[in-house]
Amino acid sequence: MLTPVIGSPLSIGLVSEVVPVAPRADVRAPLVMERLLPLIRSDELVEQITALAEVARGLPASWQRLVSAEFSTMEAHLIYERFVGVTLRDLSTSLRTTGRVLPLDVLRTVIEHTCEGLAPLTGPRTVPLSDRSVGLGIDGEWRFAQGALNHWLINLASPRDPTDMDQPMPAETVLLMSPEGIQGRPETAASPVTRAALLAWQLATGGFHPYRGGRYELMASLTRFSRDEPRVPLDVNPGLTPALIEVLTRGVAFASHRFADLPSFRAALDAVWPEPAASPARTLEVIASITWSTLQKELHLLKREPLLPIRWDGVWSAARTPEEGIAVLEDQLLERLEPVDRYPKRGPVEMPLENPPEPVHVPEVYSPRPPPPTPPHRAGLFQRFLALFRR
């Protein structure tokens with residue numbers, strides 16, 4: 001049965017689009033549908049999202065809930081509860097724009113929730129993550145998703161020729177892979193540590209991924225990662241102690257001296273963190289203050305959409321209409337906002353200019369008809385990266 005679609009797409013990617021859909025009586029939250037674009041649908045892509053749906057069903061409640069999935073001759077889509085809030089990408093962008101860093105107590109809270117959210121990823125499968133996979137909802141709850149909140153399929157390969165190394169690569173998921181994922185090996189208990197630590201570093205430096213370069217510098221970024229050569233050092237944050245810098249540096253290590261698992265990483269952070277974690281209320285106040293322009297756009301977008309649930313669990317509990325609930329929530333958040341200049345300043349970030357990467361010659365023989373697209377987290381693509389690392 002087809003689900004009624006509401007309004008225009010919220011986002012359109014290489015292989016899918018995300019659209020709001022009509023609410024359901026058994027789900028007290030707004031819903032979105034992500035579906036494959038009909039013109040590029042293939043058995044390979046359907047197989048990938050079928051596997052993604054199976055993983056989603058086994059993840060805990062803190063992960064964005066999959067409501068239903070349909071894979072038929074006419075349709076291939078996922079329907080899940082819509083996330084309304086700000087992601088770590090939004091927070092990082094605002095921090096870079098304002099030149100600020102998070103207060104240490106809030107930074108600690110965000111890192112702790114990130115570690116808790118990634119803890120279920122202990123199996124051998126590499127689950128695609130990005131800095132849009134983690135977000136703080138307007139209800140004050142932390143949410144996680146494969147790929148990105150409200151856009152699970154950003155990691156899927158496009159139907160173009162996968163042997164063309166000049167194509168832009170999906171850097172936002174590749175750059176949050178573990179060393180095992182990059183090397184095409186099964187994940188271990190140490191893999192989530194690296195992924196959590198990469199996000200922690202990005203937030204600690206005021207929004208800068210430690211290894212990421214420009215949009216078309218994925219190869220150079222992965223080379224820096226494999227050599228443990230951060231592009232943006234932690235000392236741009238004046239509040240970080242030497243002991244804390246040492247733990248975070250070990251957290252993102254590619255090979256030697258890695259933490260064995262998330263509990264040991266958390267214990268090391270707890271031992272050196274100079275102050276207690278912030279409360280949920282303070283964390284929401286600080287993050288909302290820094291990202292208010294993004295958050296306000298989200299709320300205004302909701303106001304223009306019909307057929308939202310009248311009451312949304314944890315958010316609109318006293319509302320008589322959806323619009324009333326959004327307006328009250330917006331007023332409540334406005335009352336709690338703080339001036340951004342209250343937060344610590346980031347030190348200067350020197351981003352060295354790099355020459356554009358030279359075209360990579362891959363000494364392989366391909367068949368006249370290219371094989372089906374290979375998802376970026378599989379081993380075949382990264383064997384070519386490894387060849388570069390070993391030079």
Peer 1: Would you say the side chain of T249 lies within less than 4.5 Å of the side chain of W201, judging by non-hydrogen atoms?
Peer 2: yes

Peer 1: Give the minimum heavy-atom separation between V110 and I287, together with the two atoms involved.
Peer 2: CG2-CD1, 4.0 Å

Peer 1: CD1 of I290 to CG of L91: how many Å apart, nearest 0.5 Å?
Peer 2: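 If we round to the nearest 0.5 Å, I290:CD1 and L91:CG are 6.0 Å apart.
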
Peer 1: Report the residues that fulfil side-chain hydrogen bond (donor to acceptor under 3.5 Å, both in side chains) with R195, sequence neighbours left out, ordered by chain and then residue number.
Peer 2: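 side-chain hydrogen bond (donor to acceptor under 3.5 Å, both in side chains) check on R195 returns nothing, list empty.
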
Peer 1: Show which side-chain atoms of residues 237-244 pair as donor or acceptor with protein atoms under 3.5 Å away, not counting sequence neighbours.
Peer 2:
residue, atom, partner, partner atom, Å
N237, OD1, G239, N, 2.9
N237, ND2, A204, O, 2.8
T241, OG1, L244, N, 3.2

Peer 1: Go through the structure and list residues passing side-chain hydrogen bond (donor to acceptor under 3.5 Å, both in side chains) with Y80, not counting sequence neighbours.
Peer 2: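 For Y80, the residues satisfying side-chain hydrogen bond (donor to acceptor under 3.5 Å, both in side chains) (neighbours in sequence not counted) are E34.
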
Peer 1: Check the pair E229, Y211 against side-chain hydrogen bond (donor to acceptor under 3.5 Å, both in side chains), reporting the backbone distance first and the verdict last.
Peer 2: CA-CA 7 Å; E229 297 174 355; Y211 304 110; over 6 Å; no

Peer 1: With clusters defined by side-chain heavy atoms of hydrophobic residues (ILVMFWY) lying less than 4.5 Å apart, directly or transitively, does L334 cluster with V86?
Peer 2: yes

Peer 1: Is there a chain of hydrophobic side chains (I, L, V, M, F, W, Y, each step under 4.5 Å between heavy atoms) that links V340 to L295?
Peer 2: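 V340 and L295: one cluster.
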
Peer 1: Out of E70, E17, H77, which residue meets the side-chain hydrogen bond (donor to acceptor under 3.5 Å, both in side chains) rule with R35?
Peer 2: E17

Peer 1: Is there a donor-acceptor contact under 3.5 Å linking the side chains of T194 and R258?
Peer 2: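 Checked: T194/R258 side chains pair up, N/O donor to acceptor below 3.5 Å.
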
Peer 1: Hydrophobic clustering (ILVMFWY, side-chain heavy atoms < 4.5 Å, transitive) - are V101 and W292 grouped together?
Peer 2: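 Shared cluster, no.
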
Peer 1: Which heavy atom of M177 sits nearest to which heavy atom of F225, and what is that distance?
Peer 2: O-CE2, 3.7 Å

Peer 1: Would you give the length of the straight line joining atom SG of C115 to atom CG of L262, rounded to the nearest 0.5 angstrom?
Peer 2: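 If I round to the nearest 0.5 Å, the distance is 5.5 Å.
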
Peer 1: To the nearest 0.5 Å, what is the distance between CH2 (W142) and CG (L136)?
Peer 2: 4.5 Å

Peer 1: Using modelled atom types and a 3.5 Å cut-off, is there a donor and acceptor pairing between side-chain atoms of R212 and backbone atoms of S221?
Peer 2: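 No.
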
Peer 1: Apply salt bridge (charged side-chain N to carboxylate O under 4.0 Å, His left out) to D313 and list each qualifying residue two or more places apart in sequence or on a separate chain.
Peer 2: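 Checked D313 against salt bridge (charged side-chain N to carboxylate O under 4.0 Å, His left out); matches are R28.
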
Peer 1: So, for K303 and E330, which heavy atoms are closest and what is the spacing to 0.1 Å?
Peer 2: NZ-OE1, 2.7 Å

Peer 1: Is it true that T93 and D90 share a donor-acceptor pair across their side chains at a distance under 3.5 Å?
Peer 2: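 No, no side-chain donor-acceptor contact under 3.5 Å.
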
Peer 1: Tell me, do L333 and Q296 make a side-chain contact under 4.5 Å, heavy atoms counted?
Peer 2: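 In short, these two side chains do not touch, never coming nearer than 4.5 Å.
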
Peer 1: Is the shortest side-chain heavy-atom distance between S317 and R311 below 4.5 Å?
Peer 2: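 No - every pair of side-chain heavy atoms lies 4.5 Å or more apart.
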
Peer 1: Please confirm whether the backbone N or O of T294 pairs with a side-chain atom of T291, one donor and one acceptor, at under 3.5 Å?
Peer 2: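 Looks like no, no N/O pair under 3.5 Å.
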
Peer 1: Would L36 and I40 count as a side chain to side chain contact (heavy atoms under 4.5 Å, CB included) here? Give the steps.
Peer 2: CA-CA 8 Å; L36 285 178; I40 61 155; 5.7 Å; no

Peer 1: About how many Å separate CG of L66 and CD of E54, when rounded to the nearest 0.5 Å?
Peer 2: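 That separation rounds to 9.0 Å.
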
Peer 1: Report yes if some heavy atom in the side chain of H151 is under 4.5 Å from a heavy atom in the side chain of S16; otherwise report no.
Peer 2: yes

Peer 1: Assess the residue pair E187 and S178 against the criterion (side chain to side chain contact (heavy atoms under 4.5 Å, CB included)); give the C-alpha distance rounded to whole Å, side-chain angles, the decisive distance to 0.1 Å, and a yes or no.
Peer 2: CA-CA 8 Å; E187 297 258 298; S178 67; 2.4 Å; yes

Peer 1: Quick one: closest heavy-atom pair of P20 and L10, and the distance?
Peer 2: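 Scanning both residues, the minimum pair turns out to be CD-CG, 3.8 Å.
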
Peer 1: To the closest 0.5 Å, what do you measure between CZ (R304) and CD1 (I326)?
Peer 2: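 So the CZ of R304 and the CD1 of I326 are separated by 11.0 Å.
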
Peer 1: Using every non-hydrogen atom in the two residues, find where P120 and L59 come nearest and quote the distance to one decimal.
Peer 2: CB-CD2, 4.3 Å

Peer 1: Would you check if the side chain of T87 reaches a backbone N or O of R132 as a donor-acceptor pair within less than 3.5 Å?
Peer 2: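 Checking the backbone N and O of R132 against the side chain of T87, no donor-acceptor pair under 3.5 Å is found.
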
Peer 1: Is the Lys NZ or Arg CZ of R231 less than 6.0 Å from the centre of F208's six-membered ring, within 45° of the axis?
Peer 2: no

Peer 1: Could you tell me whether the side chain of W273 and the main chain of L104 form a donor-acceptor pair under 3.5 Å?
Peer 2: yes

Peer 1: With the threshold set at 4.0 Å, does a side-chain nitrogen-carboxylate oxygen contact exist between R336 and E285?
Peer 2: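 Salt bridge flag = yes for E285 with R336.
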
Peer 1: Taking all atoms of both residues into account, what is the closest heavy-atom pair of R250 and F259, and its distance?
Peer 2: NH1-CE2, 3.4 Å

Peer 1: Under the criterion side chain to side chain contact (heavy atoms under 4.5 Å, CB included), I'd like the reasoning laid out for R100 against K345: C-alpha separation, chi angles, the key distance, then a yes or no.
Peer 2: CA-CA 4 Å; R100 301 285 164 171; K345 281 187 176 183; 3.3 Å; yes

Peer 1: Could you check if a side-chain atom of V32 sits within less than 4.5 angstrom of a side-chain atom of V19, using non-hydrogen atoms only?
Peer 2: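 A side-chain contact is absent here, since even the closest heavy-atom pair is not under 4.5 Å.
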
Peer 1: Taking the side chain as every heavy atom from C-beta outward, state whether L78 and L52 have any pair of such atoms under 4.5 Å apart.
Peer 2: yes

Peer 1: Does either side chain, that of E180 or that of S191, offer a donor lying less than 3.5 Å from an acceptor on the other one?
Peer 2: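 Present: a donor and an acceptor within the cut-off.
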
Peer 1: Closer than 3.5 angstrom, by distance alone: can the side chain of D331 be matched with the main-chain N or O of V328 as a donor-acceptor pair?
Peer 2: no

Peer 1: Share the residues that join F83 in a hydrophobic cluster, the rule being Ile, Leu, Val, Met, Phe, Trp or Tyr side chains under 4.5 Å apart at the heavy-atom level.
Peer 2: L149

Peer 1: Within a radius of less than 6.0 Å around CD of E246, do more than 12 heavy atoms belonging to other residues, nucleotides or ligands occur?
Peer 2: no

Peer 1: Could you tell me whether the side chain of I49 reaches within less than 4.5 Å of the side chain of F71, counting heavy atoms only?
Peer 2: yes

Peer 1: What pairs with Q64 under side-chain hydrogen bond (donor to acceptor under 3.5 Å, both in side chains), at least two apart in sequence or on another chain?
Peer 2: N150, W152

Peer 1: Taking it one step at a time, do L175 and L218 satisfy side chain to side chain contact (heavy atoms under 4.5 Å, CB included)?
Peer 2: CA-CA 8 Å; L175 289 178; L218 179 59; 3.8 Å; yes

Peer 1: Sub-3.5 Å donor-acceptor pair from the side chain of S130 to the main-chain atoms of G147, do we have one?
Peer 2: yes

Peer 1: Could you state whether L337 and V315 fall into the same hydrophobic cluster, counting links through intermediate Ile, Leu, Val, Met, Phe, Trp or Tyr residues with side-chain heavy atoms under 4.5 angstrom apart?
Peer 2: yes

Peer 1: Check whether I245 and F265 end up in the same hydrophobic cluster, where Ile, Leu, Val, Met, Phe, Trp and Tyr are linked by side-chain heavy atoms less than 4.5 Å apart.
Peer 2: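 Cluster IDs for I245 and F265 match.
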
Peer 1: Would R282 and S279 count as a side-chain hydrogen bond (donor to acceptor under 3.5 Å, both in side chains) if you check the C-alpha gap in whole Å, the side-chain angles of each, and the deciding distance to 0.1 Å?
Peer 2: CA-CA 5 Å; R282 170 165 162 79; S279 67; over 6 Å; no

Peer 1: To the nearest 0.5 Å, what is the distance between NE2 on H113 and OG1 on T283?
Peer 2: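 Those atoms lie 6.5 Å apart.
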
Peer 1: Quick check: are there more than 12 heavy atoms from other residues, nucleotides or ligands sitting under 6.0 Å from CG of D341?
Peer 2: yes

Peer 1: Return yes if some donor-acceptor pair links the side-chain N/O of D131 with the main-chain N/O of L199 below 3.5 Å, else return no.
Peer 2: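 No: the side chain of D131 does not pair with the backbone of L199.
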
Peer 1: Would you check if Q202 and L198 make a side-chain contact, meaning some heavy-atom pair closer than 4.5 Å?
Peer 2: no

